[in-house]
Amino acid sequence: MRDVILPRLGKRQLRAHLLVASVVSLVVVSSLHIWLREAIVDARFRLATRPASGTVALIEIDPKSIDAVGHWPWRRTLHADLVRQLDKAGVADIAFDVDFSAPSSSDDDGAFAKALQEAGGSVILAAFRQYVDAQAGGSSVHVNRPIPPFLQQSWPALVDVRPDRDGVARSYDFGDRIDGTFMPSMGTLLAGRQEEHGPAFRIDFGIKPSTLPRVSFVDVLQGVPSTLEALKGKKVIVAGTAAELGDRLNVPNGVILPGSFVLALAAESVLQDRTLVLASDAVSIALVIGVMLLMAVAWRRSRVSLRIAVLAVLAIAIEGGAIALQSKMPVVLDTSLMLSACVAYAFAAMLDEIDLRGILRLVSERRFQRITLSLSDGMVCVDGNARITFWNPAASTIFKYDAKDGVGQRFDVLLETTDRAERFDLTAIPLKELQTGNGYVVELKGRRRDGEVFDLECSLSAWDTPGGIQYGAILRDISLRKQQRERIRFLAECDVLTGLPNRNSLLAKLEREIGNPQALLLVGVNRFGQINHLRGASFADALISAITCRLTALVQPSAFLARLSDGEFAIIVSQECDEPIGAEIIADFQLTAVAIDESRYRVSVSVGVAVAKTAKDRDEWLGNAQFALTAARLASKSEPMQFTSPMRRAIEEREALEIELRQALKRSEFELFYQPQIDLRSGRVIGAEALIRWRHPERGYVSPGEFIPVVNSTSLAEGVSAWVMDTAVRQTAVWSRAGHCIRIGINLAQCQFATGDLVAEVSRLLERHNAPPDLIELEVTEDIILDDAQNVNFVLSDLRSRSIKIAFDDFGTGYGSLTYLKKFSLDTIKIDQLFVRNLLPDSDDAAIVKATIDLGHALGLSVIAEGIETEAVYNFLRDLGCDEGQGYFIGRPTSAEMFAATFLAQDGHRAA
């Protein structure tokens, strides 16, 4: 018998019942059934409607009344008049949903109290509950009652309606106990039903609000006969319904009503015996159990469609019965759990019928295909026999096959193999490696349909399917990537111009060879910077390329040749071959010019050599070779220069000297000495060259030849040059104010053209010290011009336009002196002491000096000869027509005080 009533539950059937039980439990635990219950009950009000009884009428303080009477609140005499009119009309009861808790004027309050007294206690006045925080926690209730004169002549009643948790007003209380005394609600009091212990009930919102009798306040006040006749024998509620008076409540089905309508519907619910209450929870539980028992019997004996139909009929029948019950009796049957169970069983029945795994698999496959169709990478699926079952358009594009031609082919058809034994077998890879999730990536050679071979990256994977193992391969044509990678590697390791290994590669090679019997040769192109400036970058690049070819031919194939910098190359050879190779390179460039296009250009090179055993690491090894190269250039010898320890000590001493020079600038240890310049014809001192000297606190005066090269090759040049300029201009101003108008020559540094504004700086100093600009002569050398000829010429022209003189110092020692005389804005040429110191008649130097003097005069330039150390040279230069001169014969450089005492005190003539 038990098996007939409750057949044995199969595994799938038990799963369905457990699913339904879980759904119902979840609905209860989450309180979702409360929301569902209210939604169902609210919907029933739309289906089961009824009219109002007509016993309760509304007297509205509506827009019409406000327009006639004026802005709210009104005088209470109007309410008194209203009460008398209603009493005259013969209404049964009067209820005011108006706040009378605050006194007005004594006359108005007296008039309204008298009207209430005349009404004989048939008037109900509103009281309002207000919930306020208590000091000790929780909350307390405060009630706003009518003022005592009104309270003595009326019935107080509560008018506020508390909404549910969702903000919708559904329930209504019979009243509340206030300060130990029961106070009824206005709706139930108006309906004549006071139950102190009665439970709250649900208002029947099936009663249509539109069927409630309604009249305007002003019509009653004016005693319109039809209005008064319509109110005879009714219970009336006087309340504001105009929008500006507020008092709106949310009620079921998304409707918003004035509070007075809710009071009227509550009264109607009592009058029509429609105080709705919920049926017991036991009924709801019994309905759910009934549905589950029915499904337990029908699950194995009926098809899915029949089960779902039974559930639908059952749900409609029970819900229909609940609607009928609610329309006939004030009982609300909660069907939310029963309907939830029916829906859950219907869903379980469909899941029982459908192959869910198959659907999910089909959905996944469809999604997979949509994704792969949009990929830019090739995607190929392969079965256990290594045959292609699917590939996307990108794969067919990569291999140049038609979309349909690839399916069914073996995977290795897409790969290039020279030997059948080397054929790549996807299925031979262990599944464990393909299913790790980290990816199995391999680089192969792909073969397109037209036979083109290319670099191919394969990211392989595998997964289980009902049909067996499936393999997947994401394919990328990485030919371009490899080319780019190779290009990046080339740029990182090779020189772009020559293709030789660059500095990075050289350092890596030195790292590997340190400690081995190897030698590092640095080959430097002499004066490469000047060549670059004079002939241009394109010529310099062509020269470097030609030198590269020459060096490649000179060194052995086993040697490592690299380009270190603009004009420097590095060669790593075995230690015993360093000097022969170095000497051979120097001799080759001495004997043969470098071929560039159709022309030939002769350059010389210097070679510095350092062996690996002289250094601890690669950087020291390279540094030693650079020391040797620097020494080779300074020595101007036609042989390689081997690194020795004193070379490094010289650099260390130079660094120490630089530190001392920086301290000297801060401690004002520099001084300016002045060497006189005279007119060779009259012997009169007409100028002086400002020369910097360093008085060391311990060593005394330091030779300029020792510290000037360090200053000019470091950032010290900026500070020292600025100090020299300021000091010389200040001294010029001092001597000028003393009546000694002699010209002061100031040597310019390269940094003064590269940083700041030289013109502005000189102008500022002239103005600051009030020095005449025509007594300042700025001396510029060829190396300054070579750095940026166009900019230098522009600056010099600007300075000359301000009456400042410009001299070309060390003329004749560079490559382009004659060119500069023509192009640049100059006043004076200074013949370098190299041609003057040992000047003899009929010598080559004499011919050069004579030509320079004639050329300067022809160009309108003054000529100064430097390095006059004997009277014979002095007289010879004067006879050649040289304008001015300076040198030890005329006067040694000396301090400003000694210069003034020696040369300026003698009325400007040279001392004997």
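Residue numbers count from 1 along this sequence.
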Do Val594 and Phe589 have side chains that get closer than 4.5 Å, going by heavy atoms?
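They are in contact (side-chain heavy atoms under 4.5 Å apart), so the answer is yes.
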Quick one: closest heavy-atom pair of [X] and [Y], and the distance?
X	Y	answer
Ala595	Ala546	O-CB, 3.5 Å
Ala21	Met292	CB-CE, 4.5 Å
Met641	Ala628	O-CB, 3.3 Å
Val609	Pro640	CG2-CB, 4.0 Å
Asp377	Ala394	O-CB, 3.3 Å

Whether [X] side chain and [Y] backbone form a donor-acceptor pair below 3.5 Å:
X	Y	answer
Trp621	Lys616	no
Asn392	Ala395	yes
Gln752	Ala749	yes
Arg448	Lys400	no
Asp597	Ser599	no
Asp455	Ile478	no
Asn624	Thr614	yes
Ser396	Asp402	no
Asn502	Ser505	yes

Residues Glu493, Lys509: salt bridge by 4.0 Å N-O rule
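No, no charged N to carboxylate O under 4.0 Å.
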Could you check whether Lys613 pairs with Glu513 (Lys NZ or Arg NE/NH1/NH2 to Asp/Glu carboxylate O, under 4.0 Å)?
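Judged by the 4.0 Å cut-off on N to carboxylate O distance, Lys613 and Glu513 do not form a salt bridge.
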In Å and rounded to the nearest 0.5 Å, what is the [atom1] to [atom2] distance from [X] to [Y]?
X	Y	atom1	atom2	result
Leu506	Leu520	CG	CG	6.0 Å
Phe399	Leu475	CZ	CG	5.0 Å
Gln483	Glu486	CD	CD	10.0 Å
Ser545	Ile596	OG	CD1	9.0 Å
Arg550	Asp588	CZ	CG	4.5 Å
Cys342	Ile308	SG	CD1	12.0 Å

Just do the side chain to side chain donor-acceptor pair (under 3.5 Å) check on Ser604 and Gln590 with the steps written out, would you?
CA-CA 6 Å; Ser604 63; Gln590 286 178 336; over 6 Å; no
Distance-only donor-acceptor pairs under 3.5 Å for side chains of residues 379-386, two or more places apart:
{"residue": "Asp383", "atom": "OD1", "partner": "Asn385", "partner atom": "N", "Å": "2.9"}
{"residue": "Asp383", "atom": "OD1", "partner": "Ala386", "partner atom": "N", "Å": "3.2"}
{"residue": "Asp383", "atom": "OD1", "partner": "Arg387", "partner atom": "N", "Å": "3.0"}

When you check the side-chain N and O atoms of Arg487 and Gln484, is any donor under 3.5 Å from an acceptor?
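Absent: no donor and acceptor within the cut-off.
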Pair Gln518-Ser574, side-chain donor/acceptor within less than 3.5 Å:
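The answer is no; no qualifying pair exists.
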Establish, for the pair Arg447 and Phe454, whether the NZ or CZ atom is under 6.0 angstrom from the six-membered ring centre and no further than 45 degrees off its axis.
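Here Arg447 fails the 6.0 Å and 45° test against Phe454.
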Please tabulate, for the side chains in residues 555-567, all donor-acceptor contacts under 3.5 angstrom to protein atoms that are two or more places apart in sequence or on a different chain.
{"residue": "Arg563", "atom": "NE", "partner": "Ser565", "partner atom": "O", "Å": "3.1"}
{"residue": "Arg563", "atom": "NH1", "partner": "Asp495", "partner atom": "OD1", "Å": "3.4"}
{"residue": "Arg563", "atom": "NH1", "partner": "Asp495", "partner atom": "OD2", "Å": "3.2"}
{"residue": "Arg563", "atom": "NH2", "partner": "Asp566", "partner atom": "O", "Å": "3.0"}

With a 6.0 Å cut-off on ring centres, are Tyr601 and Phe539 close enough?
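Yes.
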